[in-house]
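Below is one structure, written out as structure tokens; the observations come after it.
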Amino acid sequence: MVPVHQAYAKDVKVETRTLDELHKVALKEGGRLIVYAGGDTPGQQDGMKKAFEERFPGMTLDIVVDYSKFHGARIDNQLATGTLVPDVAQLQTLQDFPRWKKDGVLMDYKPAGWDAIYKDFRDKDGAYTGIFVDAFSNLVNSKLLPNGQWPTEAKDYLRPEFKGKLVVTYPTDDDAVLFWFKQVVDKYGWGFVADFAKQEPMYVRGTQAPTDDVEAGKAVATFSTDGGLIPFDGTVARFVLPKEDPFVAWAQQAAIFKDAKRPEAAKLYLNWLLDKNTQANIWYMWSVRTDVPPPKGYKPIWEYKNGNPTAFGKFMADRAGVERFRTQIGLYLGEAKGEPSPGYPGLHPEKALPH
């Protein structure tokens, strides 16, 4: 008798075609791909678009960037109205993917190198997978703050000299920033948030703005953005991890829709994203692959106890808990104000907004 768990296991084969073979098929399909990507500015994915199109001549990659929460709602509406636009979604809203899988709208697909992807970052049936690891932690302006004065632990941000000199994304607007505060409140209590509010930080929408403000010297530091593990050439911003306090890390998830108009191009894209060379040389934080080592001086992300990369997904899955915490923190730090940094892509965008 076949065990129940085996009887219902999906036998999804790992992709065996090379990138060049997939490229030829994608060109015959039409040579275009539309991706909805979570992010903060219309041109934030231009580097990935350029790298993909240079690697695969004749292909056009249109990446539409918006906050993941808006893309999730946009996709839900498109699915409900039979007007699905993207072939691929790559989002921070980790809770959406298991739901879409349950609804039967995702393609079960395992790109080449599947077994090298860290097991907790991929769905067992191939419905979705992590494509890169992002992390929000300390980013400091090394020109304004000499090493030794950098804030790295949460309570460092309460130092008097930082009053009015910090920048932070509204935590009510971004769930990853919200989770940073959740972990800190769990450790230090709500008094930390009350004291942080007294620091009179500059509030912004999106998580690109803190990076830009720190780099430009408008703020000395932030904890609500990512950064290069190896500093980018010509920049003064430095990304630094805390030694004791928690930071936020997760694998950005991606999936191909079952009704994708360009399924072969979508497969090419996922295989390229997860290719060992892409993982090692294009993304600037951690790889999702166990066979791609992190930069010198860093451990694999899953070895950081204070940066548990599965914790954010568990937080995101409890939507009632997320909303309870969001409404409470809004009492201390206020609600998001201002225009959304990605602009307004609309209901059915097919291309990035002008930028």
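Side-chain N/O atoms of Gln208 and Gln44 include a donor and acceptor closer than 3.5 Å. No side-chain N or O of His355 forms a donor-acceptor pair with one of Thr41 less than 3.5 Å apart. No hydrogens or angles considered: a donor-acceptor pair under 3.5 Å links the side chains of Asp40 and Thr207. If you check the side chains of Gln279 and Ser287, you find a donor sitting under 3.5 Å from an acceptor. Side chain to side chain, Gln90 and Tyr128 fail the donor-acceptor criterion of an N or O pair below 3.5 Å.
Phe192 does not carry Lys155 over the face of its six-membered ring by the limits of under 6.0 Å from the centre and within 45° of the normal.
With rounding to the nearest 0.5 Å, the separation of OH in Tyr269 from CD1 in Ile34 is 13.0 Å. Atom CZ of Phe181 sits about 8.0 Å away from atom OG of Ser224, to the nearest 0.5 Å. Note: Asn308 CG to Lys305 NZ = 11.5 Å, rounded to the nearest 0.5 Å.
Salt-bridge check for Asp173 with Lys69: passed, with a basic side-chain N closer than 4.0 Å to an acidic carboxylate O. A salt bridge links Asp87 with Arg262: at least one charged nitrogen is closer than 4.0 Å to a carboxylate oxygen. The residues Arg159 and Glu161 are annotated as salt-bridged, a charged nitrogen and a carboxylate oxygen being separated by less than 4.0 angstrom. Ion pairing between Glu21 and Lys24 fails under the 4.0 Å rule for side-chain N and carboxylate O.
For the pair Ser68 (side chain) and Gln92 (backbone), a donor-acceptor distance under 3.5 Å is present. No donor-acceptor distance shorter than 3.5 angstrom exists from the side chain of Asp175 to the backbone of Leu178, with no hydrogens or angles considered.
Asp66 pairs by the salt bridge (charged side-chain N to carboxylate O under 4.0 Å, His left out) definition with Arg74, not counting sequence neighbours. Arg324 pairs by the salt bridge (charged side-chain N to carboxylate O under 4.0 Å, His left out) definition with nothing, not counting sequence neighbours. For Ser341, the side-chain hydrogen bond (donor to acceptor under 3.5 Å, both in side chains) partners two or more places apart in sequence, or in a different chain, are Tyr67. Every ring pair (Phe, Tyr, Trp, His ring centres under 6.0 Å) that Phe312 has, sequence neighbours left out, goes to Phe179, Trp250. Partners of Lys218 under the salt bridge (charged side-chain N to carboxylate O under 4.0 Å, His left out) rule, at least two apart in sequence or in another chain, are Asp213. With sequence neighbours excluded, the residues forming a salt bridge (charged side-chain N to carboxylate O under 4.0 Å, His left out) with Lys13 are Asp11, listed by chain and number. The side-chain hydrogen bond (donor to acceptor under 3.5 Å, both in side chains) test applied to Thr16 returns no partner, not counting sequence neighbours.
Within the structure, salt bridge (charged side-chain N to carboxylate O under 4.0 Å, His left out) contacts touching residues 274-284 (residues at least two apart or in different chains) are Lys276-Asp291. The side-chain hydrogen bond (donor to acceptor under 3.5 Å, both in side chains) analysis of residues 98-118, with sequence neighbours excluded, yields the pairs Lys10-Asp108, Glu15-Tyr109, Asp76-Arg99, Asp76-Trp100, Asp96-Arg99, Lys101-Asp123, Lys101-Asp125, Tyr109-Asn271. Listed by first and then second residue, the side-chain hydrogen bond (donor to acceptor under 3.5 Å, both in side chains) pairs that reach into residues 47-56 are Asp20-Arg55, Lys49-Glu53, Lys50-Glu54, sequence neighbours excluded.
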Pairs under 3.5 angstrom only: tabulate donor-acceptor contacts from the side chains of residues 237-244 to other protein residues two or more places apart or in another chain.
from, atom 1, to, atom 2, distance (Å)
Arg238, NH1, Thr235, O, 2.9
Arg238, NH2, Thr235, O, 3.3

I'd like a table of donor-acceptor pairs (distance under 3.5 Å, sequence neighbours excluded) in which one partner is a side-chain atom from residues 183-190, with atom names and distances.
from, atom 1, to, atom 2, distance (Å)
Gln183, NE2, Phe247, O, 3.4
Asp186, OD1, Lys182, NZ, 3.0
Asp186, OD2, Lys182, NZ, 2.9
Lys187, NZ, Asp245, OD1, 2.6
Tyr188, OH, Asp245, OD1, 2.7
Tyr188, OH, Asp245, OD2, 3.3

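Between Trp272 and Phe52, the two ring planes are perpendicular [angle over 60°; tilted spans 30° to 60°]. By the 30° and 60° cut-offs, the orientation of the rings of Tyr284 relative to Phe232 is perpendicular.
Tracing side-chain contacts under 4.5 Å through hydrophobic residues (I, L, V, M, F, W, Y), one never reaches Met202 starting from Phe223; they form parts of separate clusters.
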